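A short write-up of the structure that comes next.
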2 protein chains.
Amino acid sequence: MQELIEVKALIESAVQKKEMLIVLGDCFVEYWGRAASKLGRGRRMLLIKADGSFAIHQNKHLRPVNYMMNASISCSLNKGNELEVIALKRNPKESLKAVFYSIDFIKSFELEDKHDLRLFGSEAELSKQLSEDLDFIEPGLKPLKKEQHVKKGTIDILAEDRQGRIVVVEVKRRKASLDSVSQLHRYAEELKKIKSRETRGILLAPSITDSAHSLLHDYGLEFFKLDFEIGNPSAKIKGLEKKQKRITAYIEKKHQAE
Amino acid sequence: MQELIEVKALIESAVQKKEMLIVLGDCFVEYWGRAASKLGRGRRMLLIKADGSFAIHQNKHLRPVNYMMNASISCSLNKGNELEVIALKRNPKESLKAVFYSIDFIKSFELEDKHDLRLFGSEAELSKQLSEDLDFIEPGLKPLKKEQHVKKGTIDILAEDRQGRIVVVEVKRRKASLDSVSQLHRYAEELKKIKSRETRGILLAPSITDSAHSLLHDYGLEFFKLDFEIGNPSAKIKGLEKKQKRITAYIEKKHQAE
DNA sequence: GCGATCAGCGGCACG
DNA sequence: CGTGCCGTTGATCGC
């Protein structure tokens, strides 16, 4: 338990020095901006980081109950027995106010950290690997372009099949849902207009929900099951190694299409 | 700086007592599960909460760099000079390991907190208010049902216009984008089939992107501007001012009342 | 448990 | 800047 005037100084110092600041105490929180919220009095943690991210954490959930990123932070004493910590932002205009009635703990830390996360198995990574060789989907499928920006979105992989038809490939790293199908539908329809050529759309995902598959069928699109292994920089896509698998995969695809 | 054996005991005790646990130190982090990641050695904060949420925070960003929710947490000493804190989960199987080489700070807190966030201005709330009286969109528009579950999603508001046509209304609390249009398109198409009646689709949002508006037009759907920004109402559509004021007033009133 | 959707989504990359 | 879209999305609610 500390004097609030001291706490105020500590907060201002930490913010100025861009240290990670941890404050625990009894507080009330109010937000006004993109929406509005109130959080009745209780004990929580306030976490302020170097980049101005401001977060109130309850003792549950991964995400903060109230937050603001890139905030301008200030604090002031109220009536001598309340400490207001305020985060402000504009465009859109937002304000987040935490009123502390008592402080259980406060400390700031300079955290030396040179490394950033290296993530493997992202959709971009999968897409890149896939686009190098599309034969596993069907023989003669030629990649034309990846990350093609069109008016109605960004196409993961653009290809051409043996019959010279345009093929739009949408890659999903997890089970495909209705929105994935809608997405592919948008791209396929736009390309059909642009190229005025026969156009196919293939959804590449580890699995798909029933309703999504039904919608896919309605739209005349195709599903291709994509099994992949993750965990290292050269994550393998099952079926790429064994040529034999192509035939099986092709048959499976035909079967799925029905 | 503390002995790692003590730290281990503190962690286990905090987890057992479901206290909020804060650990700062020099660590390396590795994740394996839905994807895979590695984070080279550096100083960060480990935050463990009562519900088993496990988060590694760098001194930037709102979100943790590595995390797991609902984790089973354990720790062990490695070679006497490393402390491994491990979070495990199954379905899907995931593992997150933080190896600490030194500890800058560790403390756990029992946080008494009786209140939950009360949020105003959510889409559900807006939708509820709107559905009570749809005349502001056009005279004679009668609400039939809200939160109607159909195969291809959940329809915000279902209504009937003066000509007896089915009207699907999709409400968005922020600027409508391509996916909002696709969503509405899905619902409208499905209802068209089910009811075998003429069907309209109206997208209700504060604004819409150009490409989304273009797609909306292609699909034969309609856009209706609804600016409900809290504390910043700007009525530009005739006949909408009253309704907007009502909504804004409602939210403000509710906010004040709490 | 899966499925669908919202979120004050956050964060990134490209125009 | 906005627009689009992925995310180890998380969190909620309905079935």
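Computed from a predicted model, the values in this text were never measured in an experiment. To find a chain, count down the sequence lines: A is the first, B the second, and so on, and within it residues start at 1.
- Side-chain N/O atoms of Lys49(A) and His57(B) include a donor and acceptor closer than 3.5 Å.
- Between Tyr187(B) and dT5(C) there is a side-chain N or O to OP1 or OP2 distance below 4.0 Å.
- Remark on DNA chain D: of its neighbouring residues His149(B) and Met68(B), the 5'-side contact belongs to Met68(B), judged by nearest-heavy-atom nucleotide.
- Comparing Arg174(A) and Lys151(A) by the nucleotide of DNA chain D whose heavy atom lies nearest to each, the residue mapping closer to the 5' end is Lys151(A).
- As rounded to whole Å, 14 Å separates atom P of dC6(D) from atom CG of Leu204(A).
- Counting any heavy atom pair closer than 4.0 Å across all strands shown, Lys172(A) reaches sugar-phosphate atoms only and no base atom.
- Atom CZ in Arg118(A) sits about 16 Å away from atom C1' in dT8(D), given to the nearest Å.
- Residue-environment remark: NZ (Lys89(A)) exceeds the threshold of 12 foreign heavy atoms within 6.0 Å.
- A residue-by-residue look at Glu170(B) and Glu147(A) shows that Glu170(B) has its nearest nucleotide of DNA chain C further toward the 5' end.
- Between Gln183(A) and dG4(D) there is no side-chain polar atom (N or O) within less than 4.0 angstrom of OP1 or OP2.
- The C1' atoms of dG8(C) and dG14(D) are separated by 24 Å, rounded to the nearest whole Å.
- Atoms CG (Asn70(A)) and P (dG8(C)) sit 19 Å apart, rounded to a whole Å.
- Using a 30° and 60° split on the angle between ring planes, Phe223(B) and His213(B) fall in the perpendicular class, above 60°.
- Nucleic acid contact for Glu94(A): base, since at least one base atom lies under 4.0 Å from a heavy atom of the residue.
- Under the 3.5 Å distance criterion, the side-chain polar atoms of Arg174(A) are left unmatched by any main-chain donor or acceptor of Ser207(A).
- Regarding Leu117(B), its CG atom lies at a distance of 13 Å from the P atom of dA11(D), rounded to whole Å.
- Listed for the Asp179(A) side chain is no donor-acceptor partner under 3.5 Å among the backbone atoms of Val181(A).
- Residue Arg34(B) places its side chain closer to dT9(D) than to any other of dT9(D), dC6(C), dA11(D).
- Residues of residues 53-64 of chain B having a heavy atom closer than 4.0 Å to DNA chain D, listed by number: Arg63(B).
- Note: CG (Leu47(B)) to C1' (dG10(D)) measures 16 Å, nearest angstrom.
- Without hydrogens or angle criteria, Arg44(B) side chain to Asn59(B) main chain gives no donor-acceptor distance under 3.5 Å.
- Taking the six-membered ring where tryptophan is involved, the planes of His185(B) and Tyr219(B) are essentially parallel, since the angle between them stays under 30° and well short of 60°.
- A salt bridge does not link Glu190(B) with Arg186(B): every distance from a Lys NZ or Arg NE/NH1/NH2 to an Asp or Glu carboxylate oxygen is 4.0 Å or more.
- At the heavy-atom level, Gln148(B) lies nowhere under 4.0 Å from the strands shown.
- Take the nearest nucleotide of DNA chain C for Lys89(A) and for Gly153(B): the residue whose nucleotide is more 5' is Gly153(B).
- Note on Val150(A): nothing from the nucleic acid sits closer than 4.0 angstrom, heavy atoms only.
- Residues Tyr187(B) and Glu170(B) bring no donor and acceptor atom of their side chains to less than 3.5 Å of each other.
- The NZ-C1' distance, from Lys38(B) to dT8(D), rounds to 16 Å in whole Å.
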Tabulate protein N/O versus nucleotide N/O from nucleotides 1-3 of chain D, keeping only pairs under 3.5 Å, one per line.
residue: dT3(D); atom: OP1; partner: Lys175(B); partner atom: NZ; Å: 3.2
residue: dT3(D); atom: OP2; partner: Lys175(B); partner atom: NZ; Å: 2.7

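- The CG-C1' distance, from Leu126(B) to dG8(C), rounds to 12 Å in whole Å.
- No engagement by Asp179(B) is indicated, since no non-hydrogen atom pair under 4.0 Å with the nucleic acid exists.
- For dG10(C), neither phosphate oxygen OP1 nor OP2 lies less than 4.0 angstrom from any side-chain nitrogen or oxygen of Tyr67(B).
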Distance-only criterion, 3.5 Å: show the donor-acceptor pairs between side-chain atoms of residues 150-158 of chain A and protein atoms not counting sequence neighbours.
residue: Lys152(A); atom: NZ; partner: Ser214(B); partner atom: OG; Å: 3.4
residue: Thr154(A); atom: OG1; partner: His149(A); partner atom: ND1; Å: 3.3
residue: Asp156(A); atom: OD2; partner: Val171(A); partner atom: N; Å: 2.8

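- Contacts of Gly33(B) with the nucleic acid, taken as non-hydrogen atoms under 4.0 Å apart, are absent.
- What separates CD of Glu125(B) from P of dC6(C) is a distance of 16 Å, to the nearest Å.
- Looking at Asn66(B), Leu88(B), Val85(B) one by one, the single match for side chain to side chain contact (heavy atoms under 4.5 Å, CB included) with Phe54(B) turns out to be Val85(B).
- Separating the C1' atom of dT9(D) from that of dC5(D) is a span of 12 Å, rounded to the nearest Å.
- Comparing the C1' positions of dC6(D) and dA7(C) gives an interatomic distance of 15 Å, to the nearest angstrom.
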